[in-house]
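A, B, ... follow the sequence lines: proteins, then strands. Residue 1 opens every chain.
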There are 2 protein chains.
Amino acid sequence: MRKRVNLGAGEALIREGEKYKCMYLVEDGWLLRARFLPGGTRQIVNFALPGDFLCYNMLMFERSEFDIVARTPVALWELETKSFRDMMTRHPGLAEALMWSNAHEEALLAERVVSLGRRDATQRLAHVLCEILARLQLIEKHDGDTLLLPLLQEDFANILGLSVIHIVRVFNRLEQMGVVKYKSRRVQLVDLEKLRRVAGFDGEYLYFSKRNDVRAPF
Amino acid sequence: MRKRVNLGAGEALIREGEKYKCMYLVEDGWLLRARFLPGGTRQIVNFALPGDFLCYNMLMFERSEFDIVARTPVALWELETKSFRDMMTRHPGLAEALMWSNAHEEALLAERVVSLGRRDATQRLAHVLCEILARLQLIEKHDGDTLLLPLLQEDFANILGLSVIHIVRVFNRLEQMGVVKYKSRRVQLVDLEKLRRVAGFDGEYLYFSKRNDVRAPF
DNA sequence: CGAGGCGTTGACACCCATCAACATGGGTGG
DNA sequence: CCACCCATGTTGATGGGTGTCAACGCCTCG
């Protein structure tokens, strides 16, 4: 039923316009879902961490609207699926997990829309750092006061709808404010409380707050 | 199992921070899902049209992260739900429809992220008009060359992450270019091909392209 | 007929993009 | 072990797109 797939850093799982082959569950590594636009710019819509599903809308769409590219070496499980209805009867746990994942991702995207629409560069960067921290804690891939990320400043730019050069400036500002320090893919969390305040971050949307009867099914 | 609910224009279905009461299916009218930010600005994340589900992540979250407000008089169906697992066994068709709706919404949000991140004001406005047209056609609520919308220019601003004043300028520009004309909640589609070109619009992500075995289940 | 919501215009300011040039540093091959 | 190189990060100057503010016009509805 399940097969493992491995990708090297930089390899694409699927490209925009390609037909979906199957669904995946990320076991290890980071992936970016992105679109290239005429003019050469790029927007990263999403990033997937261990525990996230990918390509689940193959159940609805024939082709991918985005590239999905490994940012690190990645290990995936291929999930054999015919239709969602089939999945519900044969693997209800999987169907539920998928629904969970979908809702989670929707919450992340909604929050990103808020950031891109109404927060300035400093707030955006602070906010996405809070989001990443929260997600890493959720899958127990974080401890200490330093975030180890595979993200370049260029990636931050493409996630936040900014230019690389401006990311540099904003990191400088945050460092001067005594909030975080960026050094070659390490973000040192100098003052987490201040970071949350700058971001206006409310982590509720990530934690499935007080519904104790619901848990991440993986 | 189902109960009707009606809202007047401007009434809230739920407010940010409130507990979810149940899920809904929109039968008629437009609703906006929005967040107010410190500073008094507002970002509209989403809008719901007939056929869309609302509050489906009550299955995962306890409280809403956004206000959901009726933009027009609205008719809704209240859906009785305990858990997704329960729903899968007792109402598999509903579970499937929900999954469909969720994937659809995710696609819309992803495209909005691209717009807010990397498209300028003109492209954004053109793109959202294309999106609205496509969605109205999908539910067979559009014909002719004029879009009848309940959206004020202020709403466009809050959807697109722009200021009201700039929306005016952009509509002027689009009118001078011979693309569309806005007049008191009517958007006349002067040159649809040009509109799509300006937007860089690819409607695939709305139509569940060539998967003929899948249809909107409503 | 008045009022208020909505739309419009112009002047000005600011955030962020663009461009060009330079610094750093880790990896690779000699 | 060193030299080189290319990816990545950094800085400053300049410009454009968009926000802010203030004021005015239009239209609808009571």
Side-chain N,O (A:Gln153) to OP1/OP2 (D:dT10) below 4.0 Å:
yes
Would one find more than 12 heavy atoms of other residues, nucleotides or ligands at under 6.0 Å from atom CZ of B:Arg173?
yes
To the nearest Å, how far apart are B:Asn158 CG and C:dC6 P?
12 Å
Take atom CD of B:Glu175 and atom C1' of C:dG7, then tell me their distance rounded to the nearest Å.
13 Å
Residue pair B:Glu105 / B:Tyr56, side-chain donor-acceptor N/O under 3.5 Å
yes
In whole Å, what is the span from the CG atom of B:Leu151 to the C1' atom of C:dC6?
14 Å
Over all strands shown, is B:Arg185 touching base, sugar-phosphate only, or nothing at heavy-atom distances under 4.0 angstrom?
sugar-phosphate
Of B:Leu152 and A:Thr41, the one whose nearest nucleotide on DNA chain C sits closer to the 5' end is B:Leu152
Mind calculating the distance between CZ (B:Arg186) and P (C:dG7) to the nearest angstrom?
14 Å
Gap between atoms CG and C1', on B:Leu160 and D:dT18 respectively (whole Å)
13 Å
Here the distance between atom P of D:dT8 and atom CG of A:Asp155, to the nearest Å, is 9 Å
Could you check how far CD of A:Gln43 sits from P of C:dA17, rounded to whole Å?
11 Å
Scan side-chain atoms only and decide if B:Arg118 and A:Asn158 contain a donor-acceptor pair under the 3.5 Å cut-off.
yes
Test applied, side chain to side chain contact (heavy atoms under 4.5 Å, CB included); reference residue, B:Asp67; option that passes from B:Glu16, B:Arg35, B:Glu18:
B:Glu16
Would you name the heavy atoms of A:Ala103 and B:Phe61 that are closest together and state the gap between them?
O-CE1, 4.5 Å
Is there any protein nitrogen or oxygen under 3.5 Å from a nitrogen or oxygen in nucleotides 12-15 of chain C, and what are the pairs?
none

Closest-nucleotide 5' rank along DNA chain C - winner of B:Phe171 and A:Lys183:
B:Phe171
Are any of B:Asn172's side-chain N or O atoms less than 4.0 Å away from OP1 or OP2 of C:dG7?
no
Euclidean distance, atom CG of residue B:Leu116 to atom C1' of D:dG17 [Å, nearest integer]:
16 Å
Out of C:dA17, C:dA20, C:dT9, minimum distance to the side chain of A:Ile165 belongs to C:dA20
Kindly assign one of parallel, tilted or perpendicular to the pair B:Tyr182 and B:Phe171, based on the angle between their ring planes and the thresholds 30° and 60°.
tilted
Taking atom types as modelled, is there a side-chain donor on A:Tyr24 or A:Asp52 under 3.5 Å from an acceptor on the other?
no
